[in-house]
Amino acid sequence: MGALVPGRTGIIVISVANRGDSAEADVVAEVDLPPGVALRASGRRGNAAPFAPSDSGWSCTATADGGKCVRSGLDAGARTTEYLDVVVSPRATAGDPPHMTVSSGDARATAAGSRGVDRGGQPARYAAAGQVRTESTGNALLTCVDDDDRWRPWPWWPIVVNKPGGEVTPAPPAAPASPSGSTASTAPEADEQRAPAAPDPVPAPASSAGPSAPAAPPPSPSTSQSPSALPSPAPTPDAPSPDDEDIDTSVDDKAEDEAEETIEEIIGESSESGECARALQREGEFRDNDMWDMRPMDLDDDPGTEMSSSARWSLPEGGAVRWAGLYFSGSGRSPASATAKLRGPGADSYIDVRADEVGRARLPGYPAYQAFADITDIVRAQGGGEWWVADVPTKTGTSTYAGWSMVVVLEDPAETYNQAMVLDASQTVFHDDQGMRFPLAGLLPAAVPATVDVVAWEGDADLPGDQVLLDGTALTPQGGDADPNNAFASSARGAVGPPLAFGTDVVRFNPVLPRDPEVRLVTRQDAYLAGAVAVTAPMRT
């Protein structure tokens, strides 16, 4: 399921259908695993519990070549699926996929997987089969505010001190020097190259004494960005952020005062227009966190939280929770042990949830992280409804973000026999038309409608070029801007509150799957953090 990745754990699926008479004898499945892949001694993933009978009736043990699974008979027309947890050696190399031989009495059949060890893929975190499907939801935890403090410096603008004591005001960037010593304008091409833009260019106030504040040069005619994007040069993704180095705060007093007056004039103009309120409704020209001093959004009734938001999902009548995972992400260096507060439907208070894993990444300008926590027992006990998450680690300020997503695999009596799997990673996708690969090995049929949910962080609504590709074809997101060329546009399924979820994307796609499908997350302009992919596909031949 997904991929067998060196140095990671993974899942192998066995699916057997009896198309003949009832099998009275034992059904035996012998699995040959690729070199460097071994059956895991204690199962945590999927439905597998090696060395002990599972819910599907299989009992599995390790062998020299892989594993052997046995179950007592199989009724005519019945189908059974078992998931085996495996460990992939860091030294495992690409090669043949797993093979399997199934026998009962004189009946015998063989099968092979579609992929072997794949260093560039992502393994499945969880997989299940039956009347199951995936559900995903989430919300942002930082937001814009329409007030006098709206405009803040882009992270790489020089910072100048207004007065002794430390209050700071941004100075607009000067045009860069060319190699020959003259100035040159460089058109912005990506997320990290856009400075916050005002609704209209506002010149510095005229002054009869001393120079006026430097103004940003006009955008290059060749730029592919919004006309309001400043054509200032940007650092590479490895350029240090203000957290990483000291900043020169010296400046001429008069230029400093005039720069402050210019910003105050912009502030007054933008506050009157209520651009934040418009952005939250997915309207206007300022729908990116790059253009705002992002602050905590605290929507709950608990005075003990500093930031909080909620989202809803429903558990069908007669349904049950198979598995649930909480993903949360934010700007800044990832803590050694990340925690979030979680409150279920009808609960009076939050509980602290500690991450099982924390993935580290770097977005242009600052580091970021994604944390994962297995919350199956909590969600199973409280069920569907409105879930709240609060107080995840994050930085605030211009272009920052924080958000969360809950991914659930649930049983639904209304569903047919499906396969469901969840894959995840914490990897930056930046100016990359090859992108991040999510092979979906282990899904049996072709030409069937499926559901694919994708979780991503720091996507910008007004910066297109990011796509979710299925075997090279761009998928159209359900919700958000419904634009296949802007898949991550700050839209979170099930979010309670404004339709724009700054920097948080929980997006659904409804493709028809080909044989051996592969999902790729790519971008030509934006920079974002890939989080998780959850798939539901019918298991029918």
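Owing to the predicted nature of the structure, the values given are computational and were not obtained by experimental measurement.
Remark: E306 CD is loosely packed, at most 12 non-hydrogen atoms of other residues, nucleotides or ligands lying under 6.0 Å away. By the 6.0 Å contact criterion, CG on D352 is enclosed, its count of non-hydrogen atoms from other residues, nucleotides or ligands being greater than 12.
A salt bridge does not link K68 with E30: every distance from a Lys NZ or Arg NE/NH1/NH2 to an Asp or Glu carboxylate oxygen is 4.0 Å or more. In this structure, D516 pairs ionically with R115, as a charged nitrogen and a carboxylate oxygen lie closer than 4.0 Å.
The side-chain contact (heavy atoms from CB on, under 4.5 Å) with P98 is formed by just one residue from the set I14, D32, L4, V13; it is L4. Checking N418, T416, D412 one by one against R133, the side chain to side chain donor-acceptor pair (under 3.5 Å) holds for a single residue, D412.
For the pair R79 and Y417, the cation sits on the ring face: its NZ or CZ lies under 6.0 Å from the ring centre, inside 45° of the axis. Geometric assessment of R343 against the ring of Y350 yields a positive cation-pi assignment under the 6.0 Å and 45° thresholds. Because its NZ or CZ atom is not both nearer than 6.0 Å to the ring centre of F438 and within 45° of the ring axis, R520 does not count as a cation-pi partner of that residue.
Between Y369 and F328, the angle of the ring planes goes over 60°, which puts this pair in the perpendicular group of the 30/60° scheme. Ring planes of F372 and Y327: tilted class, angle from 30 to 60°.
Contact annotation: the side chain of K341 never approaches that of I351 to less than 4.5 Å [non-hydrogen atoms, C-beta and beyond]. A heavy-atom distance below 4.5 Å is found between the side chains of V454 and L521. A heavy-atom distance below 4.5 Å is not found between the side chains of T451 and V535. Taking the side chain as every heavy atom from C-beta outward, W387 and P345 approach each other to under 4.5 Å. Taking the side chain as every heavy atom from C-beta outward, V5 and V88 never approach each other to under 4.5 Å. Inter-residue side-chain proximity for D424 and R125 is flagged as met; some heavy-atom pair is nearer than 4.5 Å. Residues V28 and V102 fail the side-chain proximity criterion, which asks for heavy atoms closer than 4.5 Å.
There is no side-chain donor-acceptor pair under 3.5 Å between T523 and D466. Side-chain atoms of T63 and D65 form no donor-acceptor pair, as typed in the model, at a separation below 3.5 Å.
Taking every heavy atom of both residues into account, T134 and R508 meet most closely at O-NH2, 3.5 Å. Across all non-hydrogen atoms, the minimal contact from W58 to A29 is CZ3-CB, 4.0 Å. Minimum interatomic distance between A425 and M436 (heavy atoms only, all atoms of both residues): CB-CE, 2.9 Å.
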Could you go through the side-chain hydrogen bond (donor to acceptor under 3.5 Å, both in side chains) check for Y401 and S329 one step at a time? CA-CA 8 Å; Y401 78 93; S329 179; 2.7 Å; yes

Does N289 form a side-chain hydrogen bond (donor to acceptor under 3.5 Å, both in side chains) with E458? I'd like the steps, not just the answer. CA-CA 8 Å; N289 60 338; E458 227 296 297; 2.5 Å; yes

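Distance check: L470 CG to Q467 CD gives 12.5 Å after rounding to the nearest 0.5 Å.
Among residues two or more places apart in sequence or in another chain, the side chain to side chain contact (heavy atoms under 4.5 Å, CB included) test is passed with S491 by R282, D505.
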